[in-house]
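I have placed the structure first, in the form of structure tokens, so that the comments after it can refer back to it.
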Amino acid sequence: MRNLFGVIDLADSTEGLGELTSHRALGAVPIGGRYRLIDFTLSNMVNAGIRNVGILLMDRFGPLLDHIKDGKEWDLDRQRDGMFLLVPPSEGETGYTTPGNIPNLQHNRMYLKKSRQDYALVCGSNVVANIDLKKAYQFHLEKKADVTLIYNRTCTLDENPPYTSVATDENGRVVDIALNPQQCTSCKILLNMYILSKDLLLNLVDHCNSRQKRDLFADGIMPRLNDLKIYGYEHEGYVGVVNSLRTYYKHSMELLEPKVWQELFFAHGQINTKVKHEAPVRYLEGSKVTNSLIATGCTIQGTVENSILFRGVHVGPGVVIKDSILMQKAELGAGVVLQNVILDKDVTISAGKKLTGDPSFPLVIEKLAKL
Amino acid sequence: MRNLFGVIDLADSTEGLGELTSHRALGAVPIGGRYRLIDFTLSNMVNAGIRNVGILLMDRFGPLLDHIKDGKEWDLDRQRDGMFLLVPPSEGETGYTTPGNIPNLQHNRMYLKKSRQDYALVCGSNVVANIDLKKAYQFHLEKKADVTLIYNRTCTLDENPPYTSVATDENGRVVDIALNPQQCTSCKILLNMYILSKDLLLNLVDHCNSRQKRDLFADGIMPRLNDLKIYGYEHEGYVGVVNSLRTYYKHSMELLEPKVWQELFFAHGQINTKVKHEAPVRYLEGSKVTNSLIATGCTIQGTVENSILFRGVHVGPGVVIKDSILMQKAELGAGVVLQNVILDKDVTISAGKKLTGDPSFPLVIEKLAKL
Amino acid sequence: MQKKEVVAMLLAGGQGSRLGILTKKLAKPAVPFGGKYRIIDFTLSNCANSGIDTVGVLTQYQPLTLNSYIGIGNPWDLDRHSGGVSVLPPYVKEHGGEWYKGTANAVYQNLDYISRYDPEYVLILSGDHIYKMDYSKMIDFHRRKGAKVTIAVIPVPWEETHRFGVMEVDDDNKIVEFQEKPKIAKSNLASMGVYVFNWKDLKKYLEADEADSKSSNDFGKNVIPAVLNDGEPIYAFPFEGYWKDVGTVDSLWEANMDLLKAEPDLKLNDSRWKIFSLNHSLPPQFVGPGSDVQGSLLADGSLVLGKVHHSVVFTGASVAEGAEVIDSILMPGVKVGKNAIVRKAIVAENTVIQEGAQIGVPARPGEKVEIINEAGITVIEDNVTVPAGMRIVQGTVLSVAEWPKFPEERIS
Amino acid sequence: MQKKEVVAMLLAGGQGSRLGILTKKLAKPAVPFGGKYRIIDFTLSNCANSGIDTVGVLTQYQPLTLNSYIGIGNPWDLDRHSGGVSVLPPYVKEHGGEWYKGTANAVYQNLDYISRYDPEYVLILSGDHIYKMDYSKMIDFHRRKGAKVTIAVIPVPWEETHRFGVMEVDDDNKIVEFQEKPKIAKSNLASMGVYVFNWKDLKKYLEADEADSKSSNDFGKNVIPAVLNDGEPIYAFPFEGYWKDVGTVDSLWEANMDLLKAEPDLKLNDSRWKIFSLNHSLPPQFVGPGSDVQGSLLADGSLVLGKVHHSVVFTGASVAEGAEVIDSILMPGVKVGKNAIVRKAIVAENTVIQEGAQIGVPARPGEKVEIINEAGITVIEDNVTVPAGMRIVQGTVLSVAEWPKFPEERIS
């Protein structure tokens, strides 16, 4: 794997995540009690032996910088290789918040060019999975592919728009790619994660950029389906793609299945994240906790069911939390009752309030809000 | 010094530095063969025992991020305190490139508020000096000052516009502040470096922000000259304030005075910078080097006089370099002659070219240019 | 080498033999404590929180675990270019090496290490105690008093004074008399084994102590009395707060149980004084359907499907369906199988309690067992498997070496 | 503990006694080399550049300098959460400790360390040589050949074969015969002391070697012959490039001078294979007015106001006005005073050559001096002051202990 480097594109669309992404990039969205979305992708890369990772920043990257710093938690603070924050061109040049990753890739062409590895793994930051990327890379080499797209089979496509699907032939070669189709026959959904040679990457970026195209995949790779050898590699394990509030909630709740918890956090190496040194969770007499993930720094006296508590949440006596996600340092007054609710960081709910959302439309309370 | 934290404001004006700041913030301008301007301020802080430094980013901060990473070289990669990159509000909110530090300070109010230290040292990134900030802090405490402004005496004011001067009474209390005066009687020039309590800082930021004022010093501190106890602390050593191409060139050349070299790099602790692990300089037979600073990774066969060579410059046989500054990895063809020239990084000069600038108007060749 | 104001020397060589099998493979400071910590985390975190960034850790007994635990010191912000943490085992010279003769000798053998930083003050610490203390305040006190030596002290019950060095002080907290483990104590102010010395004085006294062949080279027994005999000013720095020596099975169990109170004396979740520890990148704990967790502490990566009452469950430990863990300590990675029972027990790292096994149950009428712990605490060794259905009677201490002798009769 | 494919064990305990006073206070791997490096930097950088991130450094002679030099390993990217560098001095057990008995015993004593990472391969390295080598290629070769052991080899002049372990190989590079320091060599392929073992085999052979009381516990003398005797496949991995043992004053001086060639065989400024070293935060070198620097290497923080020809000037060294340094090595922090002369000399760290002193000058007719170095290299100890005007004759090796005997007659 010393011949593969990673490029994480933070320009994923954050439409549909509402308040959760109003001040943070998609990769910085908190998930699973102590993680940020990007932790999965970063850890997968590092677990596969990737030692050079470039991160294409877009707007709202403050919380992300604060989270990943220089990659120390992923052992990416290095003299050689390591983690590189790829800053987009300033406003003057090409527009700072324009969608599409091409301007940013072009602006950081020197980083790509100077990377000592011959192959690149390009991906987004919103996939919750524990993928053995070593295998995907070996597949790419064995197939002598130009591009290997990583996909996952799922039969619940209608629940996961927008998605990109592929069809493959018996050898695994991709014969069709469909962006956001209304109907899909293949059930093979791309994880926005692909391997290609550095030379091809540089060519595609230059090609797109000089033709005012903005998106590496849609404008660079898709049109060349017949001309490039594009293969599909199937990741068979659990995958959660977070691209809407609904999928965020759904995949969060799936972490409460012991099988998913086990696979995600232990399958092909650990998922690393920023360390906060919180104390173990204190369960006082009278606490009733079932089927929940509780992060360190919490204190529990009330009732918690089918929920995820991030660090430093205090659940006082009489408080009832069901089917909810409470991010860091939520403060709950006495007798608060929450169901199907997502509290962003540092939310305060005053005593006696009862908030209820719907499983398909959880109620989101924005960061720092006081109710 | 555990009760003092640092705030470095990268919003210094870069007018007058031309090409040198076209793609980088002022603090990221290379100087002295292996440093960036900000290294002096950062190292002064760390040498004085400051362990918490916030860096107010502005546009063109890519090269700066790459240089300071998470502060490891300054021992600021910490679990508690450490270095914090303070990202400005995104375009939508208040405009991304608006001058003035107030929007950025306001946007990062939580960082200021949560800092565990009671006093703040606020400064820019363009002062080349080795200052004992411990003494300035003790002075601030002894005087029970509200604000302590650090100044330096100089009699060459006409050479250093723009500047801010102060007049002080016999106790050191500031009785007058003048922004960019045409005449100055006091010879006491501010280094854009001041100490105040965190509470006062928070008040001033809030006061300015809510009144649409943009600059902490000009709008927050200056108008309250009579009402706050503002003192001046004199730093007596060498100071170079880089605010124009001319001052950049002048202060660079001053490093060739052994007394300045000695004071700047050894007086109150070392100046740290990013480590690049270049090899020692190779002087081949025939090399003629006098009165020059040569960084590691260079190879010298030609003539170098009164010049500064950054890392990885190869001076071939017959090449003559006088009174010039050559940044990293300049490539010079056979027989090139340079006088009063500044080459930015990665410049290539083809064989036989002769370039000559003037000491008061050195010729600057932009980054990556090929002549 | 950059000069440092303070260098801390942390004595972490303790064998902790009164902890029995818990310290068979570990030095006492490396024993797990409080759900996710090891004992030494408290002292190292005190250093970090007090702004001390140069710490020499003197190890000797089983140094490898401690060495690999401390690593480059990053959890405690001790991964520094200048200073940082150095693990200092006894040094083997050309003609052999031997263990440190005593606490003073341990520091004496590392005078070179301290010299490199040319500090003003040297802080001598022990890695054996659970407490939170701001050493910078003690150093300020030392400086203000113009002391030669300052000793941190805490009042202890009079009946326990015989276990400590106790000191009589005047109104200014100057020490008038020092008694090492007295039969009849004149004071109940006990030394916490935390000393501040001026570096020059420390060097002088350690060199003199080393030259004295009759000395047992111990700070409490030899060095402090020598300074006092010279009529030099030694001050007592009074400490208030929780402080506990966890040197026995009983005190280790008690100190863990202390954390389970509704209002514990030692707060672990104080954001201004965090206890830092080596992180293991584990997911949040999962408390499953049908579980019942009360009055307990649980750490990251633990998985509870059964009942956990009044217990401390460490990182990565798990309790299966129907199992019952009461008044117990499950150290990192312990697995309690289905329907197993664990009562008032300390189960050491990575041990597996198989299905239906019973730990800490009362002896049956007439059952012959060797009760080792009078408080009735059962201790199970690390990295062993307690077979399905085995019964282990309360108060016994089980090492796998004893296993083959009586597994049959214990399986109910 | 995370599994690692490769763990490197770097033998750095060498006393380097043939380097005389240069290794009085330093282990050989810590001796300065090449302007800004220490010898061990080359092996550690080879590890970093080969992608090996788990390195145990086995020290014993003067371990403290090496320990503090390696620190947390950050220059070599070895400050890792998982793996990284561990300095492993001989371990003092309860009843004492002693030096490693031989290279094989050193690794044997640290089998526990290796076990923690459960590697596929163990790379055995020596910290004594100057060379650049991609170990990952050697490991690929080892894997491809299905070898039990692979030994890196380099052709040496036939007349020097008696100093090395040499091996005869077949067409496939399989070793047919191994001769340790033979009088009559059958091959000139010398072992570089770089071995790749399969971890399981290494463990087995080291345990057997330790059990053999007649063994001198050395890889070259005992372990490799044992593997070969068992008829197991051992392969020779041919190395091409610069490789030098700098174990004597002559070879240390020569290897430094090798770097001064117009086209040196060992390139230090290769951006694809950097040699990493501990950084000292010093400003760029200052070459003053009137200076004359030719055919030399100068490092950061050095200051030259005089003449430096065909010499290596280390970090922070300085040469004053009128002084002349020719064919010499000035180690870190050496100060050469005004009008002093230094010829064909090695001046060790932080030594001060005062004004007008003359080092390495020819003996005067009839002058009685003890010539120690036949090549005429003069060696001056570290941290001493050569008084103003003193003359030191070429080929003498000066330790400050000899100073008082003849300063008068030497001052011209």
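Convention: sequence-line order gives letters A, B, ...; per-chain numbering from 1.
A pairwise comparison of heavy atoms in A:Arg282 and C:Lys261 identifies NH2-O, 2.7 Å as the closest pair. When all heavy atoms of A:Pro280 and C:Gly34 are compared, the pair lying nearest together is CG-O, 3.3 Å. Contact between A:Glu278 and C:Lys36 at its shortest, heavy atoms only, is O-NZ, 2.7 Å.
Residues A:Glu285 and C:Leu260 have side chains not in contact (no heavy-atom distance under 4.5 Å, counting atoms from C-beta outward).
With chain C as the partner, the residue from A:Gly32, A:Gly33, A:Ser287, A:Ala295 showing the most heavy-atom pairs under 4.5 Å is A:Ser287. Taking chain C as the reference chain and counting heavy-atom pairs below 4.5 Å, the highest number among A:Asn306, A:Val289, A:Val304 is found for A:Val289.
Along residues 276-290 of chain C, the residues that come nearer than 4.5 angstrom to chain A, judged on non-hydrogen atoms, are C:Phe276, C:Ser277, C:Asn279, C:His280, C:Ser281, C:Leu282, C:Pro283, C:Pro284, C:Gln285, C:Phe286, C:Val287, C:Gly288, C:Pro289, C:Gly290 in order of number. Scanning residues 317-332 of chain A against chain C with a 4.5 Å non-hydrogen threshold yields no residues. Taking 4.5 Å as the heavy-atom cut-off, the residues of residues 291-302 of chain C that approach chain A are C:Ser291, C:Val293, C:Gln294, C:Gly295, C:Ser296, C:Leu297, C:Leu298, C:Ala299, C:Asp300, C:Gly301, C:Ser302, ordered by number. Contact annotation for residues 320-343 of chain C against chain A (heavy-atom separation below 4.5 Å): no residues qualify.
Of the two parts of A:Leu256, the backbone and the side chain both hold a non-hydrogen atom closer than 4.5 Å to a non-hydrogen atom of chain C. Contact of C:Phe314 with chain A is not made at all, since no heavy-atom distance falls under 4.5 Å. Contacts between A:Ser43 and chain C at a heavy-atom distance below 4.5 Å are absent for every atom of the residue. Looking at A:Ile294, the atoms closer than 4.5 Å to chain C (heavy atoms on both sides) sit in the backbone and in the side chain alike. Heavy-atom distances place no part of A:Phe310 under 4.5 Å from chain C, backbone and side chain included. Only the side chain of C:Asp79 comes within less than 4.5 Å of a heavy atom of chain A; its backbone N, CA, C and O stay farther away.
By the neighbour-count criterion of 12 heavy atoms within 6.0 Å, atom NZ of A:Lys274 is densely surrounded, having more than that number from other residues, nucleotides or ligands.
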